[in-house]
Amino acid sequence: MTASIRSRRKFLTLMASGLTLPALPPHLFAAEDDAGKPVDEAAAGLVLRADEIRFPRESFQTEIDIQNFSDGQAGDTRKYRILSRGNENTIVLTLEPISERGQALLMRGRDLWIFMPNVSQPVRLSLAQRLTGQVANGDLARANFAGDYTPALVGTEALDGVSTHVLDLTAVDRGVTYAKVKYWIGEKNGYPLKAEFYALSGRLLKTCRYEDFRTLGGRVRPTRLVMEDALKKGETSVLTYSNMELHDLPERMFTREYLRRLN
């Protein structure tokens, strides 16, 4: 009997016995079937809960101020409004600088387009492409580690005096923002604390620290992210989240036709 058949029989047996399966992303079950390896359910649960701490599972709106720094000197600033529905569909609206107001990113699944005023057709973009400073398109448009990566719990480590779980996240395909992520999650509270982002070659691209945990959008979340370039010392972007509110955002908003009308 193949590993795939054994896996499917196990799933059907659980269903028949009335047991409730964890609410894990669907790709985890596919990964088990294809690779014949058991899912690291403990790691998957940690990542899923950390995702829910970073952002609501429900539809929401928030604003992000980004301050870029070079060699400690403040550079340009940018402001965005994020509209997200179910962590799969996202609109990123540029509010500042004024010269770029009206630009919008639309993400559906892992498909990303940019809409610009006075340009009739949207342009397809990569999630990994740089948006500003150390921030990639996918850092704002798709912050869904549970859906984009297969996690493995690799140990524990003290981070600034806090005991953490350390996980390795491997991209489920090449369409996601980073090929690999090393992720530190607090043992006591499940808070996301640090991430390292890697290229397919294994080269470290940048690090991110999640800071300034405050109540935002109904629960305590990190409201400040510090992203540092691993290749150019002193190149940093600081993201500050504010005005997060839960909203019932209709599906029709997250279409190219809708955004064309806005422009």
**Complete:** Minimal heavy-atom distance between Val172 and Gly147, with the atoms involved, is CG2-O, 4.2 Å
**Item:** Trace of the side-chain hydrogen bond (donor to acceptor under 3.5 Å, both in side chains) decision for Asp148 with Thr177
**Value:** CA-CA 9 Å; Asp148 288 350; Thr177 310; 5.6 Å; no
**Any donor-acceptor N/O pair, Ser237 side chain to Met227 backbone, under 3.5 Å** = no
**Message:** Are Leu249 and Phe254 packed together at the side-chain level, in the sense that at least one heavy-atom pair is separated by less than 4.5 angstrom?
**Reply:** yes
**Message:** Tell me whether Glu88 is salt-bridged to Arg142, with the criterion being a basic N under 4.0 Å from an acidic carboxylate O.
**Reply:** yes
**Complete:** In terms of heavy-atom contacts, Trp113 and Pro122 come closest through CB-CB, 4.0 Å
**Message:** Applying the salt bridge (charged side-chain N to carboxylate O under 4.0 Å, His left out) criterion to Arg78, which one of Glu100, Glu96, Glu63 satisfies it?
**Reply:** Glu100
**Asked** Can you tell me how far the CE atom of Met116 sits from the CG atom of Leu259, to the nearest 0.5 Å?
**Response** 13.0 Å
**Message:** With rounding to the nearest 0.5 angstrom, report the CD to NE2 distance, Glu187 to His165.
**Reply:** 4.5 Å
**Prompt:** Is there a path of hydrophobic side-chain contacts, each under 4.5 Å between heavy atoms of I, L, V, M, F, W or Y residues, that connects Val162 with Val166?
**Reply:** yes
**Request:** Verify the neighbour count for atom CZ of Arg124: are there more than 12 heavy atoms of other residues, nucleotides or ligands below 6.0 Å?
**Result:** yes
**Message:** Rounded at 0.5 Å granularity, tell me how far OG1 in Thr236 sits from CZ in Arg209.
**Reply:** 12.0 Å
**Asked** Hey, are the side chains of Ile53 and Pro192 touching, using non-hydrogen atoms and a 4.5 Å cut-off?
**Response** yes
**Prompt:** Do Phe115 and Tyr258 have ring centroids that are under 6.0 Å from one another?
**Reply:** no
**Fill in**
Shortest non-hydrogen pair, Pro151 vs Leu169, comes out as CB-CD2, 3.4 Å
**Prompt:** Can you find a pair of side-chain heavy atoms, one from Tyr80 and one from Thr132, that are under 4.5 Å apart?
**Reply:** yes
**Inter-residue atom distance Asp139.CG - Arg130.CZ, 0.5 Å rounding** = 10.5 Å
**Message:** Below 30° counts as parallel, above 60° as perpendicular, anything between as tilted: where do the rings of Phe60 and Phe55 land?
**Reply:** parallel
**Message:** Let's go through Asn243 and Arg81 carefully: what are the C-alpha distance in whole Å and the side-chain angles of both, what is the deciding distance for side chain to side chain contact (heavy atoms under 4.5 Å, CB included) to 0.1 Å, and is it a yes or a no?
**Reply:** CA-CA 10 Å; Asn243 302 324; Arg81 177 173 294 133; over 6 Å; no
**Item:** Shared hydrophobic cluster for Phe69 and Leu205 (ILVMFWY, side-chain gaps under 4.5 Å)
**Value:** no
**Request:** Specify the closest pair of heavy atoms between Ala141 and Leu112, including all atoms of both residues, with the distance to one decimal.
**Result:** CB-CD1, 4.0 Å
**Request:** Kindly compute the distance separating CG (Asn137) from CG (Leu105), expressed to the nearest 0.5 Å.
**Result:** 5.5 Å
**Prompt:** Taking side chain as C-beta onward, heavy atoms only, is Asp168 less than 4.5 Å from Lys182?
**Reply:** yes
**Message:** Restricting to salt bridge (charged side-chain N to carboxylate O under 4.0 Å, His left out), what partner residues turn up for Asp51, sequence neighbours left out?
**Reply:** Arg54
**Message:** As an exercise, state the distance from OG1 of Thr164 to CG of Asn189, rounded to the nearest 0.5 Å.
**Reply:** 11.0 Å
**Request:** Give a yes or no on whether Arg219 atom CZ has more than 12 heavy-atom contacts from other residues, nucleotides or ligands under 6.0 Å away.
**Result:** yes
**Exercise: identify the closest heavy-atom pair between Thr90 and Ser84** = OG1-OG, 3.6 Å
**Asked** Please, which pairs that meet ring-ring contact (aromatic ring centres under 6.0 Å, His included) have at least one residue in residues 185-219, sequence neighbours excluded?
**Response** Tyr178-Phe197, Tyr191-Phe213
**Request:** Is it possible for you to say whether Phe145 and Leu204 belong to one hydrophobic cluster, with membership spreading through side-chain heavy-atom contacts below 4.5 Å?
**Result:** no
**Request:** Using a 4.5 Å cut-off on heavy atoms from C-beta on, say whether the side chain of Gln67 contacts that of Thr240.
**Result:** no
**Request:** Return the minimal non-hydrogen interatomic distance between Ala43 and Leu167, and the atom names on each side.
**Result:** CB-CD2, 3.6 Å
**Asked** Crowded around Lys180 NZ? As in, over 12 foreign heavy atoms under 6.0 Å?
**Response** no
**Item:** Under-4.0 Å salt bridge between Lys206 and Glu228
**Value:** no
**Message:** Under a 4.0 Å threshold between the charged nitrogen and the carboxylate oxygen, would Arg110 count as salt-bridged to Asp173?
**Reply:** yes
**Message:** Evaluate Leu239 against Leu140 for side chain to side chain contact (heavy atoms under 4.5 Å, CB included), listing each step before the verdict.
**Reply:** CA-CA 10 Å; Leu239 294 72; Leu140 296 192; 3.9 Å; yes
**Prompt:** Between Met244 and Pro56, is any pair of side-chain heavy atoms under 4.5 Å apart?
**Reply:** yes
**Prompt:** Is there a path of hydrophobic side-chain contacts, each under 4.5 Å between heavy atoms of I, L, V, M, F, W or Y residues, that connects Leu95 with Val238?
**Reply:** no
**Asked** Under the side-chain hydrogen bond (donor to acceptor under 3.5 Å, both in side chains) criterion, do Glu235 and Ser70 qualify, and how do the steps go?
**Response** CA-CA 5 Å; Glu235 300 293 317; Ser70 180; 2.6 Å; yes
**Prompt:** Any side-chain heavy atom of Met107 within less than 4.5 Å of one from Val92?
**Reply:** no
**Prompt:** Is Val47 reachable from Leu127 through a run of I, L, V, M, F, W or Y residues, each pair having side-chain heavy atoms under 4.5 Å apart?
**Reply:** yes
**Prompt:** Can you find a heavy atom in the side chain of Ile64 that is under 4.5 Å from one in the side chain of Ile82?
**Reply:** yes
